[in-house]
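Beneath this line is the structure, given in structure tokens, with notes to follow.
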Amino acid sequence: MEPVTLTTGRLVLRTVGPDDTDAVYAAAQDPEMQRWLSQFPSPYLHEHAQAFTEQFAPDGWADDSMFTFGVFLPSGELVGMLGITMRSLGVAEIGFWAAKEHRGNGYITEATTTTARWAFTALAVDRIEWRAEVGNTPSRAVARRAGFTFEGTLRSAVNNKGVRRDCWVGSLLPSDLGLPSTAPYLPAPS
């Protein structure tokens, strides 16, 4: 799929490229991001940012496996990053981070809701899963504000730099945002 650009009243969500490498590298120096994001090497080197912006993100769009959006202010300043990764037929997983100086402004919640709407309508996704290592309360707060339903704790479900850790899991369905599903849904009886 060709990359798309999404906009909100405050944000521009677009793919990243070589011109964004320095901004990604600078944001990734935050120890909190390196602590909680299992896919972040530590230390995070400039070559990691370059591989992300020049290979990883474009390849995901090209093979329809992961749709990475840089979250930017209209000025072009990087606020954070968000990715929708396809996991199985109709199921995707969302991941996100916010640059330290932009946390607490609701930008990532806004980007999450906007991107979820896009995934439900453009990708025929019927379930978006969110996972975060237990203790990552900022990520949990974003998921909660974006409308995710918490489904529990998965034991030993993430590997963060060689250590197995528990994670929280939640989901968002099209109906949570007032959208139709592409497939019928039969919830379990109460």
| Is the ring centre of W118 less than 6.0 Å from the ring centre of F69? |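 Ring centres of F69 and W118 closer than 6.0 Å.
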| said: Just checking F67 against W61, ring centres under 6.0 Å apart? | reply: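 Ring centroids of F67 and W61 are less than 6.0 Å from each other.
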Interatomic distance, [X] atom [atom1] to [Y] atom [atom2] [nearest 0.5 angstrom]:
| X | Y | atom1 | atom2 | value |
| --- | --- | --- | --- | --- |
| T8 | Y107 | OG1 | OH | 9.5 Å |
| L73 | L78 | CG | CG | 9.0 Å |
| S175 | F120 | OG | CZ | 8.0 Å |
| T68 | L13 | OG1 | CG | 12.0 Å |
| M66 | I84 | CE | CD1 | 9.0 Å |
| R117 | T112 | CZ | OG1 | 12.5 Å |

For residues [X] and [Y], determine if any side-chain heavy atom of one lies less than 4.5 Å from a side-chain heavy atom of the other.
| X | Y | result |
| --- | --- | --- |
| L6 | R14 | no |
| E151 | E129 | no |
| P18 | E54 | yes |
| W130 | L172 | no |
| T115 | E110 | no |

[X] side chain to [Y] main-chain N or O, any donor-acceptor pair under 3.5 Å?
| X | Y | answer |
| --- | --- | --- |
| N159 | G162 | yes |
| H48 | L45 | yes |
| R155 | D166 | no |
| D30 | A27 | no |

Using distance alone, with no hydrogens and no angle criterion, decide if [X] and [Y] have a side-chain donor and acceptor under 3.5 Å apart.
| X | Y | result |
| --- | --- | --- |
| S156 | R164 | yes |
| T182 | D126 | yes |
| S139 | W168 | no |

Provide the closest heavy-atom pair for [X] versus [Y] in the form atom of the first, atom of the second, distance.
| X | Y | answer |
| --- | --- | --- |
| F148 | I128 | CE2-O, 3.4 Å |
| N105 | E101 | ND2-O, 4.4 Å |
| A111 | L11 | N-CD1, 4.2 Å |
| I108 | G80 | CD1-CA, 4.2 Å |
| D176 | S171 | OD2-O, 4.2 Å |
| V12 | P74 | CG2-CA, 4.4 Å |

Single-linkage hydrophobic cluster [X]~[Y], side-chain heavy atoms < 4.5 angstrom:
| X | Y | value |
| --- | --- | --- |
| M33 | F52 | yes |
| F150 | V158 | no |
| V4 | V79 | yes |
| W36 | V169 | no |

| query | Passes side-chain contact (heavy atoms from CB on, under 4.5 Å), M86 versus S65? Steps please. | reply | CA-CA 5 Å; M86 299 307 296; S65 63; 5.6 Å; no
| said: Would you say NZ of K161 has more than 12 non-hydrogen atoms from neighbouring residues, nucleotides or ligands within 6.0 angstrom? | reply: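 Enclosed: over 12 neighbouring heavy atoms sit under 6.0 Å from NZ of K161.
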| task | Please indicate whether F40 has more than 12 foreign heavy atoms, meaning atoms of other residues, nucleotides or ligands, lying under 6.0 Å from its CZ. | result |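 Enclosed: over 12 neighbouring heavy atoms sit under 6.0 Å from CZ of F40.
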| message | Run N160 and E133 through side-chain contact (heavy atoms from CB on, under 4.5 Å) and show every step you take. | response | CA-CA 9 Å; N160 192 337; E133 185 179 320; 2.8 Å; yes
| said: Testing V16, L37, V71 one by one against M81 for a side chain to side chain contact (heavy atoms under 4.5 Å, CB included), which residue passes? | reply: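 When side chain to side chain contact (heavy atoms under 4.5 Å, CB included) is applied between M81 and each of V16, L37, V71, only V16 qualifies.
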| request: Kindly determine whether Y44 and Q34 satisfy side-chain contact (heavy atoms from CB on, under 4.5 Å), including the steps that lead there. | output: CA-CA 8 Å; Y44 193 93; Q34 291 185 29; 3.7 Å; yes
